[in-house]
Amino acid sequence: MNSLDVCLSPELMHLFDVRSKTVVVADILRATSCMVTAFAHGVKSIKPYADLESCRNSKTPDIYIAGERNGEKVEGFDLGNSPFEYMAPELYGKIIHMTTTNGTQAIERSKESARVFIGAFLNLSALAAAVQQENRDVLIVCAGWKGKVNLEDTLFAGALAHLLKSHFNFACDAPLLAEALYLQSKNDLTEAVSHASHARRLNRLNIFKDISFCLTADQYAVVPYLENGILRV
Ligand code: 3SL
C-alpha cells in the first residue's frame, strides 16, 4: 500500500524526498482556493511565481497578473486573491501569472515532485480521486503562514487524509493529528476556522465571505496540476 503524509509547513519540506511522490499543495485561505475557482471558470493556465517582481515583470497585454502580499492586492496588479475575482467571465480562456504570500511559495518548493496537484475544499472529492489514480506515495503540503503552521490548511489535510485513508498507510503522526482535528471540526468548519490567525487577519480586511466560500467542499470538479512550471487542468 502507498503511504500518505502531511507536511504541516513548507519549512519542514527538507524532511521529505518529494521526487517520487504525488504532492498536493493547499493554501485554503486563499491561494489554492482561487486557483481552483479560476480553472472552474475557464481560465486557461496559471503560472505561479514565488517572487513578486518577477511576476510583475511578466505582464504583457495577454497576461493577467495576480498579486497578494499580507492578504492585500498588490498595487499595479490586475487581480488580488479573492476567489470571487476569479469567477469573472472576462477571465475565460485567459492566462494568469500569480504570486501570493505563501501559496505560490509552497508550489515552488514542491515542483521537484512526480506530480503536483492543487488542493482546496472546493475540489476535495475530485482531488481525492485524482490522487488515487496516480498510484504513488502522497504528501499533502500545507502552505501555512510565513513558515508557521495554520489551522485551515491542517483541516484540509485532515479532510483529504480521511477520504483517502482506506487506500493509503499514514506515514507518521501528522496525518493522524490532521484527521483528528478535521473530524472534531467537520460539522462547523467556519466556526473552527473563525479562531484561526489568518481568519482574524482577513476579517480585519473585511473578507468574511471568502472564508466561508473557501471552506465549502466539492463546489468544483477541476484538479489543477503543474506541468513545466505552469498550472493547467
Ligand atoms: O498566503 C497566501 O498565499 C494567500 O493565500 C494569503 S491571503 O489569503 O491572500 O491573505
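In listed order, ligands and their atoms are each counted from 1.
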Neighbour count above 12 (heavy atom, 6.0 Å) for K59 NZ:
yes
Near G103 (heavy-atom distance under 4.0 Å), the atoms of ligand 1 are 1 (O), 2 (C), 3 (O)
Does a side chain donor of either T101 or R69 reach within less than 3.5 Å of an acceptor in the other side chain?
no
Determine whether the aromatic ring centres of residues Y86 and H41 are separated by less than 6.0 angstrom.
no
Hey, is ligand 1 close enough to T100 that some N/O pair sits below 3.5 Å?
yes
Decide whether an N or O pair under 3.5 Å exists between N102 and ligand 1.
yes
Determine, stepwise, if the pair V74 / R56 fulfils side chain to side chain contact (heavy atoms under 4.5 Å, CB included).
CA-CA 10 Å; V74 181; R56 194 196 299 275; 4.0 Å; yes
Between F117 and Y225, is the ring centroid distance below 6.0 Å?
no
Taking only heavy atoms of T101 into account, list the atoms of ligand 1 that are under 4.0 Å away from them.
1 (O), 2 (C), 3 (O)
Between E152 and N150, do the side chains contain a donor N or O and an acceptor N or O under 3.5 Å apart?
yes
Contact (N/O only, under 3.5 Å) between R30 and ligand 1
yes
Hey, which atoms in ligand 1 end up nearer than 4.0 Å to a heavy atom of A31?
3 (O), 5 (O)
I need the atoms of ligand 1 closer than 4.0 Å to a non-hydrogen atom of D27, numbered in the order shown.
1 (O), 2 (C), 3 (O), 4 (C), 5 (O)
Identify, for atom 9 (O) of ligand 1, the protein heavy atom at the shortest distance, and state residue, atom and that distance.
N81 ND2, 2.6 Å
Per-atom contacts, ligand 1 versus L29 - under 4.0 Å to a heavy atom:
4 (C), 5 (O), 6 (C), 7 (S), 8 (O)
If you have a sec, work out which protein heavy atom is nearest atom 7 (S) of ligand 1 and how many Å separate them, to one decimal?
H198 NE2, 3.3 Å
So Y182 and H162, would you call those rings parallel, tilted or perpendicular, with 30° and 60° as cut-offs?
tilted
